[in-house]
Amino acid sequence: MRYWLMKSEPDDVSIDDALAQQVVAWVGVRNYQARNFMRDLMQVGDGVLFYHSSCAEPGIAGLAEVASTSYPDPSQFDPKSPYFDPKAKPEQPRWMLVDVRAKRKTPLINLAQLRSEPELAEMVVLKRGNRLSITPVSAAEWRMILKLADVK
DNA sequence: GCCAACGTTGGC
DNA sequence: GCCAACGTTGGC
């Protein structure tokens, strides 16, 4: 059982969209490290912090969980998709994804709040220059964030 | 295999 | 829109 932070642009898929759909396939990850997290480490039931990025109010916006093991991201094979990858072949896919089940919205925890918590100082997502869209979260960080979100 | 150029991310 | 930081590409 692991914990993760997964970034989504709310203009694309917000926590509200995810809750409405219940389960979303996490399409479009095109970074090998993030792919490897999904492919090699994620297991059904892992905790997910749903993070809004590239928007007016970046921060943690909800809670979710990993709902499948990994499988090929179908968008890599679709020439009409912005995520199309001409080098990917169905018999040898490059990009994998998992399904994510949205669980609940939280009061938005913004970056200033996250940075103000000494216990969260080592969070990967807060590290300078970090651009990874999926980052590991420790059990202690997870508990701290549930506390900040006032989740019992 | 090096590394400069280029593209992308994402907060501000 | 700016720009720092970082990943990827491709010529050599």
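Below, chain A is the first sequence line, B the second, and so on; all start at residue 1.
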> Under the side chain to side chain donor-acceptor pair (under 3.5 Å) test, which residues partner W26(A), sequence neighbours left out?
Replying inline: none
Atom pairs and distances, donor-acceptor, side-chain atoms in residues 34-45 of chain A, under 3.5 Å, two or more places apart:
from: R35(A); atom 1: NH1; to: R94(A); atom 2: O; distance (Å): 2.9
from: N36(A); atom 1: OD1; to: R39(A); atom 2: NH2; distance (Å): 3.3
from: N36(A); atom 1: ND2; to: Y32(A); atom 2: O; distance (Å): 3.3

>> Taking side chain to side chain donor-acceptor pair (under 3.5 Å) as the definition, give me every residue that meets it alongside S138(A), ordered by chain and number, with sequence neighbours left out.
In response: E141(A)
> Can you list the residues that meet the side chain to side chain donor-acceptor pair (under 3.5 Å) rule with S133(A), with sequence neighbours excluded?
Replying inline: none
> For K127(A), what residues pass the side chain to side chain donor-acceptor pair (under 3.5 Å) criterion, not counting sequence neighbours?
Replying inline: E122(A)
Any protein N or O atoms within reach of nucleotides 6-10 of chain C? Criterion: under 3.5 Å, listing atom names and distances.
from: dC6(C); atom 1: OP1; to: R128(A); atom 2: O; distance (Å): 3.3
from: dC6(C); atom 1: O2; to: R131(A); atom 2: NH1; distance (Å): 2.7
from: dC6(C); atom 1: O2; to: R131(A); atom 2: NH2; distance (Å): 2.6
from: dG7(C); atom 1: O4'; to: R131(A); atom 2: NH2; distance (Å): 3.0

> Quick one: I60(A) CD1 to dG11(B) P, roughly how many Å, whole number?
Replying inline: 12 Å
